[in-house]
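Report on one structure; see the data block that follows.
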Amino acid sequence: MSNFTVNGVYTYTSSNIYSYLGRVPVNSAALERAFDDFDITPTGSTDDLKKLNKAMYEEYSAQVQEQIKNQNNEKVIPWAGIMAQIGIQATGDYDKDYAAFNNAIQLLSQSAIDGQAMTYFAGLRSEAQQAFGLSNKPEAQEAPITYRAYQAQFMS
């Protein structure tokens, strides 16, 4: 069992720190930084560790709630503009929208009778390559970081 000294005065045992925070910092400076980051004034009491854990958990919970809120808000569809130019409403489903765009542009291109229209549709196809590029294809959402990983940011 080791001791961690904060502000050169207050001592906390590694077992108490582990009991309240679920992990032990790498050194006293890391624990002191965590107290500073969450604006907790150390007193040497285990109540300090309780306050630190509560503050860390509240901030983590707020961040997770913000992530959930952002995921539930209306998403920006990068290819909606290019689809609107040919009269198609984007759904946000990459594969469906990409197929709908390609089908529509193919039909429109077949009906084009002059060179100007053909050039216009070729330009749209080129824009679509960027709008529907792989960088815009949504992947599976990553889970928010775990509370343990979040804690580790302040305890290392």
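Here the side chains of Pro25 and Ile17 are in contact, with some heavy-atom distance below 4.5 Å. For the pair Lys50 and Lys54, the minimum side-chain heavy-atom distance is 4.5 Å or more.
Taken to the nearest 0.5 Å, the CG atom of Asp37 stands 11.5 Å off from the CZ atom of Phe35. Here the straight-line distance linking atom CG of Leu21 with atom CE of Met56 works out to 6.5 Å at 0.5 Å rounding. With values rounded to the nearest 0.5 angstrom, Asp39 atom CG is found 11.0 Å from Lys51 atom NZ. Rounded to the nearest 0.5 Å, atoms CD1 (Ile86) and CD1 (Ile105) are 4.5 Å apart.
Between Asp36 and Arg33 there is no salt bridge, since no side-chain N of the basic residue sits under 4.0 Å from a carboxylate O of the acidic one.
Evaluation of the ring pair (Phe, Tyr, Trp, His ring centres under 6.0 Å) rule for Tyr20 yields no partner, not counting sequence neighbours. Partners of Thr41 according to the side-chain contact (heavy atoms from CB on, under 4.5 Å) rule, which considers only residues two or more places apart in sequence or in another chain, do not exist here. Qualifying ring pair (Phe, Tyr, Trp, His ring centres under 6.0 Å) partners for Tyr10, counting only residues two or more places apart in sequence or in other chains: none.
Between the side chains of Asp97 and Thr91, a donor-acceptor pair is found at a separation under 3.5 Å. A donor-acceptor pair shorter than 3.5 Å can be found between the side chains of Tyr12 and Asp48.
Judged by distance alone, the side chain of Asn7 and the main-chain N or O of Val9 form no donor-acceptor pair under 3.5 Å. Using a distance-only test at 3.5 Å, with no hydrogens or angles considered, no donor-acceptor pair links the side chain of Thr11 to the main chain of Phe4.
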Where do Tyr18 and Thr13 land on the side chain to side chain contact (heavy atoms under 4.5 Å, CB included) test, with the steps shown first?
CA-CA 9 Å; Tyr18 185 81; Thr13 65; over 6 Å; no

For a side chain to side chain contact (heavy atoms under 4.5 Å, CB included) check, start with the C-alpha distance between Leu52 and Tyr57, then their side-chain angles and the critical distance, and finish with the verdict.
CA-CA 8 Å; Leu52 180 58; Tyr57 188 77; over 6 Å; no

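The shortest heavy-atom contact between Glu127 and Gln85 is OE1-NE2, 3.6 Å. Annotation for Leu31 and Val6: closest pair CD2-CG2, 3.7 Å, computed over non-hydrogen atoms.
Below 30°, between 30° and 60°, or above 60°: for Tyr94 and Tyr98 the angle between ring planes is below 30°, a parallel geometry.
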